[in-house]
Amino acid sequence: MLPKFFNTLTRTKEEFKPLEDNHVRMYTCGPTVYDFAHIGNFRTFLFEDLLRRYLKFKGYKVTQVMNLTDIDDKTIKSAMAKKIPLGEFTAFYKRAFFEDIDKLGIERAEYYPEATAHIPEMVAMIKQLHEKAYAYVIDGNYYYSIAKFPEYGKLAHLDIAGLKAGVRIAADEYEKESVSDFALWKAWDENDGDIYWETEIGKGRPGWHIECSAMSMKYLGETFDIHTGGVDNMFPHHENEIAQSEGANGKKFVNFWLHSEHLLVDGIKMSKRYNNYYTLRDILDKGYAAVAVRYILMATNYRQQLNFTFDGLVSARNGLERYNDFYANLKDYSGGQTSGEGKSIIERMLKGFEDALDDDLNISPALGEVFDFIRDINRLKAEGLLSREERDSALNAMERVDSVLGFLIKKKAEIDADIENLIKERTEAKKRRDFAAADGIRRKLLDMGIILEDTASGTKWKRKL
RNA sequence: GGCGGCUUAGCCAAGCGGUAAGGCGGAGGUCUGCAAAACCUCUAUCUCCGGUUCGAUUCCGGAAGCCGCCUCCA
């Protein structure tokens, strides 16, 4: 079955078909590397990871591009404040970004183009827009004239003419023909210090929006399948990208626009002012596992505002524990009789999972199916009515589902010699029926983050999530 | 001022015309030296008021509350 996605362009769920059979090309707006990314950013990146993994699950080949914005007002300002070269400054946060997405189990995209490495492509597009009269120049600054693009506003569904002129129209923008025009190229001024490029269109630096138009075209072509980002990028960023790309190429830019809703923290928008601003690092420092962050940020449909709380994070961690325990315990199960139910339980789950995600990545019912399956298989296991073959196909099903969810903790915890010895000591103590000593060791291990489980086949251990 | 979204059990969250998935938490039980894990049982008339309908959480109208966007914030 074809998946359906909610397309911001039409505000309806549409059946998704890539331009090229079996190959999906998507552009996902990436980070501005001027600081550590916060959990709101990661919500969007995780939504994109879910989309990517699901498309692969469905059998598509995926070519994903995620840009790294390493030149803009914020990066320049911060680098200059620190008195270090821009490249050095952004390199630090690029590295941090990749460390973070690795921790969250976000699959790598095929391309991570950097804005600063694509100045010629941007210049070429600006020249083209200028030649086609979509752009005009004032004092070396190139602006896009939205008056020349009648469809402007079609994505955000905004009537630009009716926009109320707000206080945010900054004083330095008086020179533009229209307040809604945006910069394609910013001529150098002293605030930029030594950050500039000498190009055919002058000395300066690109505006923010042009990088996405130029780089998506380079890696994905003039028209491609999916473009995603946070809702806040819908306007003006994505609207401007459409104006630039469609103006320059005269072709439809993107077929499907998918936007993820905002993350709130404690019911309000995250901001440093409210002291509810968290990076991934902040949360890991508090002792939570990255995979729990992955779970909580992914487990709510991407088009719904998600309220992040630490209570929610604890709840996510506990649910994940069950998910992971199920898999680990099933692996150790050696098989029994069969009631014949196994097959249908597994098939029902896989179908339900796929049907749910086909419906605009509706992950809640998809997870519901998985947890139903976990309970049903555990029941059969508890009754001794799950055969070895059924166990194997249940494990396969779990792995298949997890190729999309990424909730299984794959890294085999290496056995620490000290832990081993303590477990042995405890087993000895238990044999002597010295339960006080045995429980003492168990408590000690718990303090080290190791949970013990006595099973029929001996004592098992796992790391606390 | 314009535009959009949301309101379902203690918390999170599906469903969107036929009488409420799932997760977490909680209560009781089985198992266990005790735990843990696991299983079983229990834990909601869906913000309010009207209307349409044989029937509404689901459609329509209204009210209240909350959140977001409206030029560089995912």
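Worth knowing before you read on, the calculation uses all heavy atoms, side chains too, and leaves out hydrogens, waters and symmetry mates. Numbers restart at 1 for each chain; the letters A, B, ... are given by sequence-line order, proteins then strands.
Judged by Watson-Crick or G-U wobble contacts below 3.5 Å, the nucleotide B/U52 has no partner. B/U57 makes up no base pair with any nucleotide shown, lacking Watson-Crick or G-U wobble contacts both under 3.5 Å. When Watson-Crick and G-U wobble pairs are counted only if both distances are under 3.5 Å, B/U19 pairs with no nucleotide at all. B/U41: Watson-Crick or G-U partner is B/A27, with both key distances under 3.5 Å. Base pairing annotation: B/C3 forms a Watson-Crick or G-U wobble pair with B/G68, both donor-acceptor distances under 3.5 Å.
Ring to ring, A/Y93 and A/F97 are not that close: their centroids are 6.0 angstrom or more apart. A/Y134 and A/Y143 have their aromatic ring centers separated by at least 6.0 angstrom. Checked against the 6.0 Å centroid criterion, the rings of A/H238 and A/H259 qualify as a close aromatic pair. Here the two rings, on A/H38 and A/Y278, have centers that are 6.0 Å apart or farther.
Counting any heavy atom pair closer than 4.0 Å across all strands shown, A/H237 reaches no nucleic acid atom. Counting non-hydrogen atoms under 4.0 angstrom, A/G267 reaches the backbone sugars and phosphates but no base. A/L452 comes within 4.0 angstrom of a nucleotide base, judged by non-hydrogen atoms across all strands. Nucleic acid contact class of A/K186 (heavy atoms, under 4.0 Å, all strands): base. Among the heavy atoms of the strands, none lies under 4.0 Å from A/I296. Within 4.0 Å of A/D72, counting heavy atoms only, lies no atom of the nucleic acid at all.
Going from atom CZ of A/F371 over to atom C1' of B/G22 covers 8 Å, rounded to whole Å. The CG atom of A/N240 sits 15 Å away from the C1' atom of B/C69 (whole-angstrom rounding). Rounded to whole Å, atom P of B/U32 lies 18 Å from atom NZ of A/K460. Atom pair A/D439:CG and B/G33:P shows a separation of 12 Å (rounding to whole Å applied). Computed from coordinates, the A/N318 CG to B/G23 C1' distance equals 10 Å when rounded to whole Å. As a whole-Å value, the separation of A/I441 CD1 from B/C34 P is 19 Å. Remark: C1' of B/C3 and CG of A/L155 are 14 Å apart, rounded to the nearest angstrom. Taking atom CG of residue A/L380 and atom P of nucleotide B/A38, one finds them 16 Å apart after rounding to whole Å.
Comparing B/C16 with B/C6, their C1' atoms are spaced 15 Å from each other, to the whole Å. B/C73 and B/U58 are spaced 35 Å apart, taking the C1' atom of each and rounding to whole Å. A gap of 13 Å separates the P atoms of B/U47 and B/G10, to the nearest Å. B/G2 and B/U53 have their P atoms separated by 34 Å, with the value rounded to a whole Å. Taking the P atoms as reference points, B/G22 lies 12 Å from B/U43, given to the whole Å. Nucleotides B/U52 and B/C11, compared at atom C1', are 35 Å apart to the nearest Å. Taking atom C1' on both nucleotides, B/C66 is separated from B/A27 by 33 Å, rounded to a whole Å. Taking atom C1' in both B/A9 and B/A21, one finds a spacing of 14 Å when rounded to whole Å.
With sequence neighbours left out, A/F149 forms a ring-ring contact (aromatic ring centres under 6.0 Å, His included) with no residue at all. In terms of the side-chain hydrogen bond (donor to acceptor under 3.5 Å, both in side chains) criterion, residue partners of A/D402 (sequence neighbours excluded) are, by chain and number, A/Y323. The salt bridge (Lys or Arg N to Asp or Glu O under 4.0 Å) search around A/D189 returns none, not counting sequence neighbours. For the side-chain hydrogen bond (donor to acceptor under 3.5 Å, both in side chains) test, no residue two or more places apart in sequence or in another chain qualifies with A/S315. Taking A/R375 as the reference, A/D372 meet the salt bridge (Lys or Arg N to Asp or Glu O under 4.0 Å) condition, with sequence neighbours excluded.
Distance from the side chain of A/I268 is smallest to B/C67 among B/A36, B/G33, B/C67. The side chain of A/W208 has B/C72 as its nearest neighbour among B/C72, B/A38, B/A36.
The residue among A/R426 and A/E369 whose nearest nucleotide of RNA chain B lies closer to the 5′ end is A/E369. Mapping A/K381 and A/G230 onto RNA chain B by nearest heavy atom places A/K381 at the nucleotide closer to the 5' end.
Contacts with RNA chain B (heavy atom under 4.0 Å) in residues 26-44 of chain A: A/H38, A/G40, A/N41, A/T44, listed by number.
Checking the phosphate oxygens (OP1, OP2) of B/C73, a side-chain nitrogen or oxygen of A/K74 falls inside 4.0 Å.
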Could you list the protein-to-nucleotides 39-41 of chain B atom pairs, N/O on both sides, closer than 3.5 Å?
{"residue": "B/C39", "atom": "OP1", "partner": "A/N378", "partner atom": "ND2", "Å": "3.2"}

Would you tabulate the pairs of protein nitrogen or oxygen atoms and nucleotide nitrogen or oxygen atoms of nucleotides 7-15 of chain B closer than 3.5 angstrom?
{"residue": "B/A13", "atom": "O2'", "partner": "A/S364", "partner atom": "OG", "Å": "2.9"}
{"residue": "B/A14", "atom": "OP1", "partner": "A/Q304", "partner atom": "OE1", "Å": "2.9"}
{"residue": "B/A14", "atom": "OP2", "partner": "A/Q304", "partner atom": "OE1", "Å": "3.0"}
{"residue": "B/A14", "atom": "O5'", "partner": "A/S364", "partner atom": "OG", "Å": "3.3"}
{"residue": "B/A14", "atom": "O3'", "partner": "A/N362", "partner atom": "ND2", "Å": "3.3"}
{"residue": "B/G15", "atom": "OP1", "partner": "A/N362", "partner atom": "ND2", "Å": "2.8"}

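Among A/F256, A/Y27, A/F5, the one residue that satisfies the ring-ring contact (aromatic ring centres under 6.0 Å, His included) test with A/H227 is A/Y27. Just one residue in the list A/N191, A/I195, A/T90 forms a side-chain contact (heavy atoms from CB on, under 4.5 Å) with A/I76, and that residue is A/I195.
For residues 443-453 of chain A, the side-chain hydrogen bond (donor to acceptor under 3.5 Å, both in side chains) pairs, not counting sequence neighbours, are A/E453-A/K462. Sorted by first then second residue, the side-chain hydrogen bond (donor to acceptor under 3.5 Å, both in side chains) pairs that include residues 287-298 of chain A, not counting sequence neighbours, are A/D49-A/R294.
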Could you pull out every donor-acceptor pair under 3.5 Å between side chains of residues 428-440 of chain A and any protein atom, sequence neighbours left out?
{"residue": "A/K430", "atom": "NZ", "partner": "A/D454", "partner atom": "OD2", "Å": "3.0"}
{"residue": "A/D434", "atom": "OD1", "partner": "A/A437", "partner atom": "N", "Å": "3.3"}
{"residue": "A/D439", "atom": "OD1", "partner": "A/R442", "partner atom": "NH2", "Å": "3.4"}

Cut-off 3.5 Å, no hydrogens considered: what does the side-chain donor-acceptor table look like for residues 344-351 of chain A, sequence neighbours left out?
{"residue": "A/S344", "atom": "OG", "partner": "A/E341", "partner atom": "O", "Å": "3.0"}
{"residue": "A/K351", "atom": "NZ", "partner": "A/D355", "partner atom": "OD2", "Å": "2.6"}

